[in-house]
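Here the structure is laid out as structure tokens; the discussion comes afterwards.
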Number of protein chains: 2
Amino acid sequence: MPWGDMLPMIFADFLRNRRREQLSDQDLAALEASVSQVRKTHARQLLAHAGEPIACSTYLMEGFICRYMDDRNGLRQLVAVHVPGDFVDLHGYPLGRLDHDVATLSASKIAMVPHEALDGLLAQRPNLTKLLWFSTLLDAAMHREWIFRLGRLDAVARIAHFFCEIEAKLRAVGLSDGSRFALPLTQADLGEACGMTSVHINRMLRELRERELLQVQRGRVTISDLAALRRLCDYDPSYLFIGG
Amino acid sequence: MPWGDMLPMIFADFLRNRRREQLSDQDLAALEASVSQVRKTHARQLLAHAGEPIACSTYLMEGFICRYMDDRNGLRQLVAVHVPGDFVDLHGYPLGRLDHDVATLSASKIAMVPHEALDGLLAQRPNLTKLLWFSTLLDAAMHREWIFRLGRLDAVARIAHFFCEIEAKLRAVGLSDGSRFALPLTQADLGEACGMTSVHINRMLRELRERELLQVQRGRVTISDLAALRRLCDYDPSYLFIGG
DNA sequence: CGCCCAGTTGAGCGACTTCAAAATATGTGG
DNA sequence: CCACATATTTTGAAGTCGCTCAACTGGGCG
């Protein structure tokens with residue numbers, strides 16, 4: 001029996017249902033051993049600020065975290081929403097500093113990985129290194145999909161597309177059954193993710209509700225017709241590399 | 001004298017003015033040795049198609065290449081514009097397949113690097129590996145800036161922001177003096193990059209011309225007042241990691 | 001109970017699109 | 001080097017999507 005099963009598994013959800021088969025028990029053990037601290041945070045708490053050097057990356061075990069950029073008027077644009085199993089700012093390791101802020105959306109449980117430990121992994125574990133690299137490129141693929149969403153989709157489709165992505169990510173780690181999941185975002189947050197005002201988000205959510213595709217209430221999302229929702233925004237989850 | 005100076009330097013512009021000091025002569029030599037082929041391509045030629053597995057990555061030596069995604073109606077959204085010195089689809093190595101198309105904009109000179117060769121580098125050259133990883137994350141940082149551009153800026157500022165980025169990238173590899181550079185993009189291309197119609201691009205370019213900030217003609221861009229242009233769109237190039 | 005934040009709704013406006021046509025470059029073959 | 005064909009740029013007019021501003025509703029919590 002792989003000894004990973006015997007320990008508290010911090011990285012149990014890391015790349016789960018992605019390409020997990022490539023992660024050997026030894027690599028997993030090395031990754032677990034590189035964690036310096038596991039801690040809990042409150043909701044709406046700033047974890048890292050744009051520009052400052054970082055020496056530690058954050059892996060999300062429970063809860064929701066977002067990354068965002070501010071314009072000069074303080075208006076936010078979200079660039080990512082992270083769910084359990086995401087290595088939120090692993091890119092800070094090769095980059096050395098972040099070009100965006102990182103903050104929790106909900107109360108969360110996170111694991112801290114010092115970059116010194118990652119140096120060790122990089123030098124000794126090429127397979128693990130490639131997998132870590134892969135995970136940062138998964139984020140880049142999501143960025144591209146966000147660019148497409150903002151550049152080519154209208155308001156309803158943007159929202160639909162956003163929820164399709166979140167649903168697919170949550171399902172991969174067992175937090176969605178394909179129709180229901182928790183998502184602690186306000187309509188203002190959705191606006192900051194989809195590049196529109198919260199007022200218009202509200203109207204478009206009503207439309208999605210009336211078309212019986214999607215319902216949002218009190219931080220819970222109910223997707224009544226996932227296939228139709230995906231059709232609406234031409235959603236294809238292959239960029240998430242789920243299922244191999 | 002480093003022996004890199006003695007050879008035809010394929011990667012002379014790779015991360016030039018970025019963090020080049022970290023790339024040792026041996027690493028550089030190993031990188032050069034991993035190239036299987038250098039070839040020229042015509043303008044507007046498809047290099048890689050979304051979805052198909054790739055076994056080789058493309059480094060751009062001369063010319064311009066873009067990456068884009070299509071919606072169901074065939075409308076394109078560019079997700080990146082590459083200039084000489086860019087490792088265009090290095091992310092295809094950890095990912096295994098691409099989630100977007102790659103095509104030349106102008107006639108180009110490219111170097112092909114088989115992924116097998118990269119396996120060798122990954123196993124034996126941690127510093128080089130970290131630098132290659134870094135370069136793919138620079139692309140991700142640019143993606144984030146594009147998300148911000150599309151989500152938070154109006155039409156004029158989007159165009160200004162796009163040109164500010166291209167100018168900064170070209171200057172880093174010596175292809176812009178801060179005011180003039182070649183850029184073989186049509187107004188339709190600009191529209192596909194900035195998420196708007198070519199008609200509106202045309203009108204906004206006129207506005208930028210009338211405000212004496214920027215001029216575009218026959219594939220040549222002239223920036224009359226870079227500082228003002230940057231102010232217009234709140235542009236801060238620090239995400240490009242130029243100069244350090 | 002009353003406050004505050006999130007959600008909801010309406011009216012009017014402005015930015016950008018759509019559709020259409022004309023003007024100007026660019027490229028090609030003779 | 002010209003004539004022709006094609007691509008790109010430019011301009012106008014009308015329509016629509018999403019924004020702004022403003023007010024009101026409702027739920028959670030001290």
Side-chain angles (χ1 to χ4, degrees), chain A residues 42-44 64 71 73-77 105-107 149-163 182-211 214-222 232-233, chain B residues 42-45 64 71 73-77 103 105-107 149-163 182-211 214-222 232-233:
Chain A
H42 292 116
R44 308 283 162 175
F64 293 85
D71 73 1
N73 304 318
L75 289 178
R76 283 184 181 182
Q77 174 63 49
L105 290 163
S106 67
R149 177 193 301 155
L150 292 171
R152 284 288 164 258
L153 300 183
D154 67 10
V156 205
R158 285 220 278 263
I159 298 176
H161 193 278
F162 176 79
F163 281 112
L183 187 70
L185 293 182
T186 66
Q187 294 183 359
D189 295 327
L190 288 172
E192 290 170 352
C194 297
M196 38 200 286
T197 60
S198 62
V199 173
H200 206 56
I201 290 280
N202 184 283
R203 289 190 239 268
M204 297 300 101
L205 282 180
R206 180 179 51 185
E207 182 171 332
L208 287 169
R209 195 187 321 128
E210 286 169 353
R211 289 165 72 171
L214 178 80
Q215 230 171 325
V216 186
Q217 44 192 319
R218 265 172 285 117
R220 289 205 63 84
V221 179
T222 307
L232 174 64
C233 56
Chain B
H42 293 116
R44 308 282 163 175
Q45 195 170 332
F64 292 85
D71 73 1
N73 304 318
L75 289 177
R76 282 184 183 183
Q77 174 64 48
L105 289 163
S106 65
R149 177 194 300 156
L150 291 171
R152 284 288 164 258
L153 300 183
D154 67 11
V156 205
R158 285 218 279 261
I159 298 176
H161 192 278
F162 176 79
F163 281 113
L183 187 71
L185 293 182
T186 66
Q187 293 182 2
D189 296 327
L190 287 172
E192 289 170 353
C194 297
M196 40 202 283
T197 61
S198 62
V199 173
H200 205 55
I201 290 279
N202 184 283
R203 289 190 238 266
M204 296 301 101
L205 282 180
R206 179 179 52 184
E207 182 170 331
L208 287 169
R209 195 187 321 127
E210 287 170 353
R211 288 165 72 170
L214 178 79
Q215 230 170 328
V216 186
Q217 42 193 324
R218 266 172 283 118
R220 290 204 61 84
V221 179
T222 307
L232 173 66
C233 56

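Every chain is numbered from 1, with letters handed out A, B, ... down the list of sequences.
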List, one per line, each side-chain donor-acceptor pair under 3.5 Å for residues 191-206 of chain B, sequence neighbours excluded.
| residue | atom | partner | partner atom | Å |
| --- | --- | --- | --- | --- |
| B:T197 | OG1 | B:H200 | N | 3.2 |
| B:N202 | ND2 | B:Q187 | OE1 | 2.9 |

Starting at atom [atom1] of [X], determine the distance to atom [atom2] of [N], rounded to an integer number of angstrom.
X: B:L205; N: D:dT10; atom1: CG; atom2: P; answer: 8 Å
X: B:Q187; N: D:dT9; atom1: CD; atom2: P; answer: 4 Å
X: B:R44; N: D:dA7; atom1: CZ; atom2: P; answer: 12 Å
X: B:I159; N: D:dT9; atom1: CD1; atom2: P; answer: 12 Å
X: B:M204; N: D:dT10; atom1: CE; atom2: P; answer: 13 Å

Phosphate-side-chain proximity, B:N202 and D:dT9, N/O vs OP1/OP2 below 4.0 Å:
no
Test side chain to side chain contact (heavy atoms under 4.5 Å, CB included) applied to B:L153 and B:F162, step by step
CA-CA 11 Å; B:L153 300 183; B:F162 176 79; over 6 Å; no
Taking five pairs at each end of the helix from C:dC1-D:dG30 to C:dG30-D:dC1, what angle separates the two helix axes (nearest 10°)?
50°
What heavy-atom pair brings A:P184 and A:S106 nearest, and what distance separates the two atoms?
CG-CB, 3.7 Å
Where do A:A43 and A:L105 come nearest, in terms of heavy atoms and distance?
CB-O, 3.5 Å
Rounding to 0.5 Å, atoms CZ (A:R209) and CD (A:Q215) come to a distance of 7.0 Å
So, using salt bridge (charged side-chain N to carboxylate O under 4.0 Å, His left out) as the criterion, who are the partners of B:R44 when residues are at least two apart?
B:D189
Summarise protein proximity over nucleotides 19-30 of chain D in one line of letters, 5' to 3': B for base, S for sugar-phosphate only, - for none, counting protein heavy atoms closer than 4.0 Å.
SBB------S--
Return whichever of A:D154 or B:T186 has its heavy-atom-nearest nucleotide of DNA chain D closer to the 5' end.
B:T186
Boundaries of the chain B footprint along DNA chain C (any atom under 4.0 Å from a heavy atom):
C:dC16 to C:dT26
May I have the step-by-step check of side chain to side chain contact (heavy atoms under 4.5 Å, CB included) for A:F64 and A:L185, ending in yes or no?
CA-CA 9 Å; A:F64 293 85; A:L185 293 182; over 6 Å; no
Restricting to side-chain contact (heavy atoms from CB on, under 4.5 Å), what partner residues turn up for B:D71, sequence neighbours left out?
A:F148, A:R152, B:N73, B:L75
Chi angles and distances behind the side chain to side chain contact (heavy atoms under 4.5 Å, CB included) call for A:I159, A:L190:
CA-CA 8 Å; A:I159 298 176; A:L190 288 172; 5.5 Å; no
